Participant: 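If you scroll down you'll find the structure; I have some questions about it.
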Number of protein chains: 2
Amino acid sequence: MKKFNEQEKVESVQGALALRGQIEEIVDGICEKGYTNIVWLGIGGTWASAQQATVHMKEKSAIETWAENAAEYLTTGNKRIGAGTIVITSSVTGNTIEVVEAVKKAQEASATVIGFIDAPEADLAKMVDHVVSYKQNEQLKFFMVADRFMRNAGEFADYEEMYQEFDQHLAQALVEVEKEAEPFAIEFAKKHWNDDLHYFVGAGNQWGATYSYAMCYWEEQLWIKTKSITSPEFFHGMFEIVTKETPVTVYLGEDKQRVLSERVANFLPRICGNYTFIDTKDYALEGISEKYRGEISHLVMHAVNNRIDVHMEDETKHPMEIRRYYRALEY
Amino acid sequence: MKKFNEQEKVESVQGALALRGQIEEIVDGICEKGYTNIVWLGIGGTWASAQQATVHMKEKSAIETWAENAAEYLTTGNKRIGAGTIVITSSVTGNTIEVVEAVKKAQEASATVIGFIDAPEADLAKMVDHVVSYKQNEQLKFFMVADRFMRNAGEFADYEEMYQEFDQHLAQALVEVEKEAEPFAIEFAKKHWNDDLHYFVGAGNQWGATYSYAMCYWEEQLWIKTKSITSPEFFHGMFEIVTKETPVTVYLGEDKQRVLSERVANFLPRICGNYTFIDTKDYALEGISEKYRGEISHLVMHAVNNRIDVHMEDETKHPMEIRRYYRALEY
């Protein structure tokens, strides 16, 4: 398998899971003092992860929580962010300007900020109230924070049991997903590398992945046009432009919104001959109990997308590191 | 001007503004009893209006409020919707299945529902706790509710002053926008009727319009492919696929997020030779004070879009009433 270092991948996830002690200490300290609401702050890819964390919490929690787009917060503001607000954000470089400014603004409003800043030397890492520095795995980090808050609120009785399973099996299970996805990914890239425009449809904890995979990978890194749409909204307008040859990929996860994507998958073959369903149910996830599969559907999809990326890059002969404009021009 | 009945249009907006007494009575009654949070419920077009109402409130308000997608509520649920929650929704026919079911679910959770149901005989009109039946003007109806809640919370000191202006001048001002937009709309439709894919960019109280205009009008009613993106997110991936010939329309409103769209407008000419800026500032709005223009930017844009519709329908020779699939097939 191209660009696939199994050991590195296992270690990466295992290392992220090992942050749990540190995360628990931060969250438990906050819960002891008390808080009023939880805000997932981001832009672009982190905005997508923020949306995933939010919908994940809504499945179980009565805590007030939402995803806040950093640029929107900087302009419109949000009067519900203040003393007692816990802001969670993430940045690889620590220098995404909107996030840096939004963190400043939230702190000026007396919010407490937890930052997952991959680069520990970045200014942002010093600015935030609690910093965790570890590379990648943004979604897993966010979910660990969300889960601890819910556990402490008495909304997640089997938190320990679930993470025990994840500690033991998740890293290897995700690597196996990549291996299982390989033949599919090769075929998918062969079929779609030259698409004019590709549609991605998803819902629930897949929506962030759907949105960011379309935009941050295909558009930004492969320069292929895409549109992403949520599964319920697909039926409220967008589907009118789908005909036989329209390339549509539907992401099916295993959370409560799965039925919304199944509805798309059930209908699509009647009007479209160029569809793909990527279903997390098709992957074994050895060691992971049935009841916890929905909690990690987004990570399973991420693993599948990793393999698609490798083969899309190869088929398009378009190195994914290059950018036309992003951080290359002033704007 | 084709398909333009000035008197009908003026009467339509004037009639919507005249609902204010009824709306105030409903909202004042709720405020007297007390409430915990405000939920804007919708799907498709109403989901877009719900997002506009939410961002509008965030400009001024500390009230907990959000836009809830009906289908997502039906699957994931939302534990913050309960006794004390005020749900506001809208439906032309009163039989949008997701909205009907979501209203049921919210009421089972003890929420109070205000419904703008155009058809007074629909079951939904009987189900909701407070019904207002009047045709069209969904966004104006939503904003009147939002504004009254904010006024009662002490967050909108000049509420009376503003609505006095609107009662006197808004209907005519919006009709004048349509007239002013006419030459532009003719040219725009001539230039873009045959686009393969058209991009719409907007932010703040324009985002709902951007999203729904792309999806509910061009995709659903004209069968033209579109992608909509928020102005800040444009810079976080999507813009990499823009080159000289990519058709991009940027909506510029006059609310606090205007600067985010200005940033797109300032940068775009460097990489794109096929852009259009639609700026609400270009329209006179006689009788409306400078300070209230931002409150109605979405209505101004709606008026401009009305004229684009008329000419797109004519240029494409595609009657906007026809649907391939929507309510034509089982799905």
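Please read these numbers as outputs of a predicted model, since none were measured by experiment. Numbered from 1 within each chain, the chains take letters A, B, ... in sequence-line order.
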Participant: Side chain, backbone, both or neither: which part of A:F234 has an atom under 4.5 Å from a heavy atom of chain B?
Facilitator: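 Answer is neither: A:F234 stays 4.5 Å or more from chain B.
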Participant: Can you give each donor-acceptor pair under 3.5 Å made by side-chain atoms of residues 199-208 of chain A, sequence neighbours left out, with the distance rounded to 0.1 Å?
Facilitator:
| from | atom 1 | to | atom 2 | distance (Å) |
| --- | --- | --- | --- | --- |
| A:N205 | ND2 | A:G294 | O | 3.0 |
| A:Q206 | NE2 | A:S297 | O | 3.0 |
| A:W207 | NE1 | A:Q51 | OE1 | 3.3 |

Participant: Treating A:S212 as the side-chain partner and A:G44 as the backbone partner, does any N or O pair qualify as donor plus acceptor under 3.5 Å?
Facilitator: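 Here the side-chain-to-backbone pair does not exist.
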Participant: When the aromatic ring centroids of B:H298 and B:F143 are compared, is their separation below 6.0 Å?
Facilitator: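 B:H298 vs B:F143: aromatic centres under 6.0 Å.
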Participant: For B:L222, is it the side chain, the backbone, both, or neither that has a heavy atom closer than 4.5 Å to a heavy atom of chain A?
Facilitator: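 For B:L222, no heavy atom lies under 4.5 Å from chain A.
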Participant: Tell me, for A:I224 versus chain B, whether the close heavy atoms (under 4.5 Å) come from the side chain, the backbone, both or neither.
Facilitator: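 Backbone of A:I224 only, per the 4.5 Å heavy-atom cut-off to chain B.
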Participant: State the NE2-OG1 distance between A:H56 and A:T54, to the nearest 0.5 angstrom.
Facilitator: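 Here the rounded value is 10.5 Å.
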Participant: Can you label the angle between the A:H192 ring and the A:H198 ring as parallel, tilted or perpendicular, going by 30° and 60°?
Facilitator: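 Plane angle over 60°, so perpendicular.
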Participant: Do you know which of A:T76, A:V259, A:D255 has the most heavy-atom pairs under 4.5 Å to chain B?
Facilitator: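 Highest number of heavy-atom pairs under 4.5 Å: A:T76.
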Participant: Please identify, among B:G77, B:S61, B:C216, B:S228, the residue contributing the most non-hydrogen atom pairs under 4.5 Å to chain A.
Facilitator: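 Top option by heavy-atom pairs under 4.5 Å: B:S61.
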Participant: Do you know which two heavy atoms are closest between B:A106 and B:V87, and how far apart they sit?
Facilitator: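 Where B:A106 meets B:V87 most closely, the heavy atoms are CB-CG2, 4.1 Å.
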Participant: With distance as the sole test, does A:S110 use its side chain to make a donor-acceptor pair with the main-chain N or O of A:G82 at under 3.5 Å?
Facilitator: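 Looks like no, no N/O pair under 3.5 Å.
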Participant: With a 4.5 Å heavy-atom cut-off (strictly below), which parts of residues 318-331 of chain B touch chain A? List them by number.
Facilitator: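 Listed by number, the contacting residues are B:R323, B:R324, B:Y325, B:Y326, B:L329, B:E330, B:Y331.
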Participant: Spell out the residues in residues 264-274 of chain A that have some non-hydrogen atom less than 4.5 Å away from a non-hydrogen atom of chain B, in order of number; otherwise answer 'none'.
Facilitator: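 Heavy-atom contacts from residues 264-274 of chain A to chain B are A:F267, A:R270, A:I271.
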Participant: Does any heavy atom of chain B fall under 4.5 Å from the side chain of A:N69, the backbone, both, or neither of them?
Facilitator: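 For A:N69, the contact with chain B is made by the side chain alone.
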Participant: B:Y275 and B:F277: aromatic ring centres closer than 6.0 Å?
Facilitator: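 B:Y275 vs B:F277: aromatic centres under 6.0 Å.
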Participant: With a 4.5 angstrom heavy-atom cut-off, could you sort out which part of B:L197 is near chain A: side chain, backbone, both or neither?
Facilitator: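 When you check distances to chain A, only side chain atoms of B:L197 fall under 4.5 Å.
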Participant: Side chain from CB out, backbone as N, CA, C, O: work out which of these in B:Y73 comes under 4.5 Å of a heavy atom of chain A, or both, or neither.
Facilitator: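 It is neither, since no heavy atom gets under 4.5 Å.
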Participant: Checking B:T75 side chain against A:Q257 main chain: does a donor-acceptor pair fall under 3.5 Å?
Facilitator: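 Checked: no pair found.
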Participant: Salt bridge or not for B:E254 and B:R293, using N-O below 4.0 Å?
Facilitator: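 So B:E254 pairs with B:R293 through a salt bridge.
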Participant: Side chain, backbone, both or neither: which part of A:S231 has a non-hydrogen atom closer than 4.5 Å to chain B?
Facilitator: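 It is neither, since no heavy atom gets under 4.5 Å.
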Participant: Near B:F149 CZ, under 6.0 Å, is it more than 12 heavy atoms from other residues, nucleotides or ligands?
Facilitator: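 Atom CZ in B:F149 is crowded, with more than 12 foreign heavy atoms closer than 6.0 Å.
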Participant: With distance as the sole test, does B:T89 use its side chain to make a donor-acceptor pair with the main-chain N or O of B:L41 at under 3.5 Å?
Facilitator: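 Pair found, side chain donor or acceptor close to backbone of B:L41.
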Participant: With a strict 4.5 Å heavy-atom criterion, list every residue of residues 235-250 of chain A that contacts chain B, or say none.
Facilitator: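 Listed by number: A:F235, A:H236, A:G237, A:M238, A:F239, A:E240, A:I241, A:V242, A:T243.
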Participant: Using a strict 4.0 Å threshold on nitrogen-to-oxygen distance, state whether A:E59 and B:K79 make a salt bridge.
Facilitator: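 No, A:E59 and B:K79 are not salt-bridged.
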Participant: Before accepting this row, confirm whether a basic side-chain N of the pair A:K105/A:E72 lies closer than 4.0 Å to the acidic partner's carboxylate O.
Facilitator: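 Salt bridge absent between A:K105 and A:E72.
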Participant: Would you mind checking which part of A:L74 comes under 4.5 Å of any heavy atom in chain B, side chain (CB onward), backbone (N, CA, C, O), both or neither?
Facilitator: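 For A:L74, neither part sits under 4.5 Å from chain B.
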Participant: Below 4.5 Å, heavy-atom pairs only: which of A:L260, A:V55, A:N78, A:D196 has the largest tally toward chain B?
Facilitator: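 Among A:L260, A:V55, A:N78, A:D196, the one with the most close pairs to chain B is A:L260.
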Participant: Between B:I43 and B:V99, is the side chain to side chain contact (heavy atoms under 4.5 Å, CB included) condition met? List the steps.
Facilitator: CA-CA 7 Å; B:I43 193 159; B:V99 172; 4.0 Å; yes
Participant: Against chain A, work out which of B:Q221, B:K60, B:M57 has the most heavy-atom pairs shorter than 4.5 Å and name it.
Facilitator: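 When all of B:Q221, B:K60, B:M57 are compared, B:K60 has the most.
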Participant: Between B:E233, B:K256, B:M215, which has the largest tally of heavy atom pairs under 4.5 Å with chain A?
Facilitator: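 Of the candidates given, the most pairs with chain A belong to B:E233.
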Participant: Say you draw a straight line from CD1 of B:I38 to OG1 of B:T85; how long is it, rounded to the nearest 0.5 Å?
Facilitator: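 So the gap between those two atoms works out to 10.0 Å.
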Participant: Could you check whether any side-chain N or O of B:R258 sits under 3.5 Å from a backbone N or O of B:G253, counting only pairs where one atom can act as donor and the other as acceptor?
Facilitator: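 Pair found, side chain donor or acceptor close to backbone of B:G253.
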Participant: Check for a donor-acceptor pair, side chain of A:R80 on one end and backbone N or O of B:A62 on the other, with a separation under 3.5 Å.
Facilitator: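 Yes, A:R80 side chain to B:A62 backbone: donor-acceptor pair under 3.5 Å.
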Participant: Any Lys/Arg nitrogen of B:K58 or B:E155 sitting under 4.0 Å from an Asp/Glu carboxylate oxygen of the other?
Facilitator: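 Looking at B:E155 together with B:K58, the answer is no, because their closest N to O distance does not fall below 4.0 Å.
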